[in-house]
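Notes for the one structure printed next.
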There are 4 protein chains.
Amino acid sequence: MDAVTPLTAAAPAKRARRKQARPGELLEAALALFVEKGYAATRVEEVAARAGVSKGTLFLYFPSKEELFKAVVRENAGRHVADAMREVAGYTGTSAELLREFIQRWWTQYGGTPAAGLTKLIMSEAANFPDLAQYYQDEVVQPSHALVRRIVQRGIERRELRDVDLNLAAHLIVAPLVQLVTWRFSMAPCCPAGLLPEPLALLAMHADMVVRGLRRE
Amino acid sequence: MDAVTPLTAAAPAKRARRKQARPGELLEAALALFVEKGYAATRVEEVAARAGVSKGTLFLYFPSKEELFKAVVRENAGRHVADAMREVAGYTGTSAELLREFIQRWWTQYGGTPAAGLTKLIMSEAANFPDLAQYYQDEVVQPSHALVRRIVQRGIERRELRDVDLNLAAHLIVAPLVQLVTWRFSMAPCCPAGLLPEPLALLAMHADMVVRGLRRE
Amino acid sequence: MDAVTPLTAAAPAKRARRKQARPGELLEAALALFVEKGYAATRVEEVAARAGVSKGTLFLYFPSKEELFKAVVRENAGRHVADAMREVAGYTGTSAELLREFIQRWWTQYGGTPAAGLTKLIMSEAANFPDLAQYYQDEVVQPSHALVRRIVQRGIERRELRDVDLNLAAHLIVAPLVQLVTWRFSMAPCCPAGLLPEPLALLAMHADMVVRGLRRE
Amino acid sequence: MDAVTPLTAAAPAKRARRKQARPGELLEAALALFVEKGYAATRVEEVAARAGVSKGTLFLYFPSKEELFKAVVRENAGRHVADAMREVAGYTGTSAELLREFIQRWWTQYGGTPAAGLTKLIMSEAANFPDLAQYYQDEVVQPSHALVRRIVQRGIERRELRDVDLNLAAHLIVAPLVQLVTWRFSMAPCCPAGLLPEPLALLAMHADMVVRGLRRE
DNA sequence: TATGAATGAGACTTCATTCAT
DNA sequence: TATGAATGAAGTCTCATTCAT
């Protein structure tokens, strides 16, 4: 700000920096708790505590628990779909490779991140927040399915894949992905080891099964 | 109630019958509401009202909301798995037929019934009721997966199917089934028509994909 | 209910009888406290305690503090005006007697009762509850002023009173009455004895002054 | 702030002037808001905002909301009574003229000014702040009533007025004045036009009524 | 057995007050 | 001196649970 006082310029405002960061910290804490315990069973004081602030501070940034919840959904919904669509559009390899690539990426960019909890959260709370469910439907589900349908259609047009119902195929390709994150945030924490398949191994086999299941013989 | 009025004499019998039925009616009502709104957001008074009794009556049959919830889970968990295991044991047809048969039956006997809401319910509440999650794991998930593994193993032994990882295969076969009911009780009510695939068509294609994906070429 | 069991008929339901009385008891308690401390400074728990019930019970009868407040106003507003209007309509004496009668009655039927606190309450809270202020205006103020204007007009028509502005006269006749109750519920409790004029003496002199001030000389 | 920038050198002076004025601006803002919404319903942040400063600044000048309130009352109470007493002492005209003069002056110097809101404020909050009510009683009510009693007594001694109870007469003379300001700050803002009498016309008629009501016939 | 009025612990939310900047 | 982010006590309201009828 001022070249004459570089010392203070380095620490412009500890408070101000926190203020910038607060909403994000609160949203992160809220996502984790809402996913774990559900909306109703999560107390705002817990969210605040996990974000390292007091109850009152939360309400400086979000006017109510419900608005906090909506912000959590909006913040995390549909951030990765757009990226993925662009990548698919320019892909030049075989459909088998594309499907494997897509499934792998889905895991590294969404399924394996904390943001994936949103999937379980929406599933659990859809009936209590119909407008959010609709929003998620529009912003995440529809674009994702459209993307998968496009991949399959590309394979059909390239005569690599059988001529199947695109909508059904999309559901069957997506289902194990969704199921994987749903499981990760619900039963998995209760069921120690052994029985949980390694996500990447599961996804590799899923890609393999899909390719075999769809390929033109 | 009054010996002078024989017209009402029939009542005690009817009431007795109702009395017998009460717990079942309450469990049914509770399942539906817990599935729809979640445990925390469901009020016991709603459950009682839906079962046609008063709030106080519910507490005559279940000592607390939590015990009601546990009863709901115990009542609905694992009723169908044992039957299915017996049927598989005596099956004589091909693996393709067996897989199709299994998937169809799963839908008609569980996935398409109100009891399937339990799957979504457990997903949503597992973290809040770890012992119930464990119970469900032991009574439903493990037996179901074991059953599916047995089907696949039978196919491998009969040299109809490839030699795949049984555990991964079981997860991939089950995932779309679980996903179907999860969806049915969460997003589906919000997303009118068109986009929802017909369950039986979806399951038929799933069976087809699984057979193609696993068969020995 | 049943002539054969007169003993139980005498005590049909202690609970039920309380339920009947509860809203009235709560309204009475609320009126007293709202008048004394104002709406914002009165805690619902105090109201409940004064009515002899717990916090939760209050909310069985009134959905919110604000609705309780509105019920208090509606319950107490304008109950006496209609009676007074009927009496004035049939009066046959002189205007001096009528004015004295009116003022005396106002005190015995409203100004001296707990319900008079409503006047101070509305004064204090009008800006925070504009719709209630309007309601009070319509149900109490306007009818009361109309009644007083009618009394004065009758006197003018009978050539007992001077031909004055009816609206101004009404305000000047009413002002000391309102002031008396306002004082009674605000300063009076703080200013012990001596300085407080005897209400009936004050009202008698007021009536006298009004008659002298309005009479045709 | 910076000697190198003479342009801003004027600022300290301006700010100093503001600093001097701060308490007054805050008291003015507080009076208006306390009158309008009551003590409890007024937030200190609103007071600060109306005075053009931040919440924290208010607490530099007043240690608490309650002290701010007390300062508001002390600042506005009893400023005009002393002046009026002096004027009455040297008056040489008739009692009728004196009463008219007194009532007119009361309006121009108090009743028509923002400070008159204090009357309504004290009335509303007396029970919550008994010591302030006492203070107001001592500093404003008693002196005012004493002044009015003196005016009436002077008229009696000059054989212009009847020999009435001085205390009652004072209450009846003051009541419409108090009522006028009370109304002005409570119901008036809700009741658009038409029905509100013109203050000066009302006061003129009041003076007229008082003179007629008290004069020796 | 059935009811529903009553309770009170606990949740969300507000706001006077503090304090680092 | 001035700011406004942060705090937490206190208030409103909900709802599981009890119990007199």
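Naming convention: chains lettered A, B, ... in sequence-line order (proteins, then strands); numbering from 1 in each chain. This is a predicted model, so every value here is computed, not measured.
Remark: Ala71(C) engages Leu27(C), Phe62(C) in a side chain to side chain contact (heavy atoms under 4.5 Å, CB included) (not counting sequence neighbours). In terms of the salt bridge (charged side-chain N to carboxylate O under 4.0 Å, His left out) criterion, residue partners of Arg43(A) (sequence neighbours excluded) are, by chain and number, Glu46(A). In this view, Glu36(C) satisfies the salt bridge (charged side-chain N to carboxylate O under 4.0 Å, His left out) rule with no residue, not counting sequence neighbours. With sequence neighbours left out, Glu28(C) forms a salt bridge (charged side-chain N to carboxylate O under 4.0 Å, His left out) with no residue at all.
In the set dT3(F), dT7(E), dT3(E), the nucleotide with an atom closest to the side chain of Leu60(C) is dT7(E). The side chain of Ser54(D) lies closest to dG4(F) when the candidates are dT7(F), dT7(E), dG4(F).
Within 6.0 Å of CD on Glu67(D) lie more than 12 heavy atoms contributed by other residues, nucleotides or ligands.
In this structure, Tyr61(A) reaches the sugar-phosphate backbone alone: every heavy-atom distance under 4.0 Å involves primed, P, OP1 or OP2 atoms, never a base.
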Protein and nucleotides 12-14 of chain F: nitrogen or oxygen contacts under 3.5 angstrom:
residue	atom	partner	partner atom	Å
dT12(F)	OP1	Thr42(C)	O	3.4
dT12(F)	OP1	Lys65(C)	NZ	3.1
dT12(F)	OP2	Val44(C)	N	3.3
dC13(F)	OP2	Lys65(C)	N	2.7
dC13(F)	N4	Lys55(C)	NZ	3.0

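Helical stems in DNA chain F, defined as runs of 3 or more consecutive Watson-Crick or G-U wobble pairs with donor-acceptor distances under 3.5 Å: E:2-21 with F:2-21.
Going from atom CZ of Phe59(B) over to atom CG of Leu68(B) covers 8.5 Å, rounded to the nearest 0.5 Å.
When the side-chain nitrogen and oxygen atoms of Thr57(A) are compared with OP1 and OP2 of dA5(F), none of them lie within a distance under 4.0 Å.
Computed from coordinates, the Glu25(B) CD to dT1(E) C1' distance equals 15 Å when rounded to whole Å. The distance from atom CZ of Phe62(A) to atom C1' of dC12(E) is 16 Å, rounded to the nearest whole Å. Phe34(D) places its CZ atom 12 Å from the C1' atom of dA16(E), with the value rounded to the nearest Å.
Under a cutoff of 6.0 Å and an axis angle of 45°, Lys65(B) and Tyr39(B) form a cation-pi pair.
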